[in-house]
Amino acid sequence: MNLKWLVLPFLALAVSVASGGLAKSTQEQAPVRSQDMGRIVIVGYKPKPGKAEALRSLASTHIQRLRAEGLVTPREAIIMEASDGTIIEVFEWKSKEAIESAHKNLAVQALWKEFGDVCDYVPVASIAESKQLFAEFAPVR
């Protein structure tokens, strides 16, 4: 067996790493973060007493209503429920500017009032499951 066929690939790899060729190709493949990229958010909605079904119903229309206002991306939202009934939603705003414009949008203001009538917003960190390494929730949809 000719050893040069075993040694040559290792030598080529060593030269590539030493010259920075491997690092450059890895850096070139890394995604570039753009200012106009979407912003993924996670929000917790704790239902007010007797409002769990109303909250589930409202949460199921949330993303479509934001999409109708042109504020969120086509990415599907994930809606799930904690053991205490808190609804957790993960969705993507189009941009930081979209989030800011939502605060001036009358349709969004009305939507947020509907949420305020049926739930309290809670930090995701306050939900018991979030303290687990692999937080598990029941899917709502």
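Since the model is a prediction, treat every value here as computed from it, not as a measurement.
Between the CD1 atom in Ile40 and the CZ atom in Arg75 there is a gap of 4.0 Å [rounded to 0.5 Å]. Note that NE2 of His62 and CD1 of Ile79 are 9.0 Å apart. Values are rounded to the nearest 0.5 Å. Of the inter-residue distances, the one linking Leu66 atom CG with Phe91 atom CZ reads 5.5 Å to the nearest 0.5 angstrom. Of the inter-residue distances, the one linking Ile87 atom CD1 with Met80 atom CE reads 10.0 Å to the nearest 0.5 angstrom. Note that OG1 of Thr73 and CE of Met37 are 10.5 Å apart. Values are rounded to the nearest 0.5 Å.
Pro47 and Gly85 make their closest contact through CD-O, 3.3 Å (heavy atoms, listed as atom of the first residue, atom of the second, distance). Minimum interatomic distance between Ala59 and Glu89 (heavy atoms only, all atoms of both residues): O-OE2, 4.2 Å. Between Lys96 and Arg39, the shortest heavy-atom distance links the atoms N-CG, 3.7 Å. The shortest non-hydrogen separation linking Ala135 to Ser130 is CB-CA, 4.0 Å.
Residue Trp93 is not grouped with residue Val90 when hydrophobic side chains (ILVMFWY) are merged at heavy-atom distances under 4.5 angstrom, including chains of intermediate members. Using a 4.5 Å cut-off between side-chain heavy atoms of Ile, Leu, Val, Met, Phe, Trp and Tyr, with links allowed through other members, Val122 and Leu55 fall into different hydrophobic clusters. When the side chains of ILVMFWY residues are joined at heavy-atom separations under 4.5 Å, either directly or via intervening members, Phe137 and Ile42 end up in a single hydrophobic cluster. Residue Ile99 is grouped with residue Val108 when hydrophobic side chains (ILVMFWY) are merged at heavy-atom distances under 4.5 angstrom, including chains of intermediate members. Hydrophobic clustering (side-chain heavy atoms under 4.5 Å, transitive across Ile, Leu, Val, Met, Phe, Trp, Tyr) groups Ile78 together with Ile127.
The environment of Glu136 atom CD is sparse: at most 12 non-hydrogen atoms of other residues, nucleotides or ligands sit within 6.0 angstrom. Applying the 6.0 Å contact sphere to NZ of Lys131 captures more than 12 heavy atoms from other residues, nucleotides or ligands.
Between Thr86 and Glu81, the side chains place no donor N or O within less than 3.5 Å of an acceptor N or O (distance only, hydrogens not considered).
Applying the side chain to side chain contact (heavy atoms under 4.5 Å, CB included) rule to Ser101 yields the partners Leu71; only residues at least two apart in sequence or on another chain are considered.
Phe134 forms part of a hydrophobic cluster together with Leu133, judged by ILVMFWY side-chain heavy-atom separations under 4.5 Å.
Electrostatic pairing of Lys46 and Asp84 counts as a salt bridge here, judged by a charged N lying under 4.0 Å from a carboxylate O. Contact check on Glu114 versus Arg65 returns a salt bridge, with a Lys/Arg side-chain nitrogen under 4.0 Å from an Asp/Glu carboxylate oxygen.
For His103 and Trp112, the gap between ring centers is short of 6.0 Å.
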Please step through side-chain contact (heavy atoms from CB on, under 4.5 Å) for the pair Tyr45 and Leu58, ending with a clear verdict. CA-CA 11 Å; Tyr45 311 111; Leu58 183 57; over 6 Å; no
Quick one: do Val72 and Glu92 satisfy side-chain contact (heavy atoms from CB on, under 4.5 Å)? Show the steps, please. CA-CA 6 Å; Val72 296; Glu92 184 178 18; over 6 Å; no
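Using bins of under 30°, 30° to 60° and over 60° for the plane-to-plane angle, the ring pair Phe115/Tyr121 lands in the tilted bin.
The side chain to side chain contact (heavy atoms under 4.5 Å, CB included) with Glu69 is formed by just one residue from the set Leu106, Leu111, Asn105; it is Asn105.
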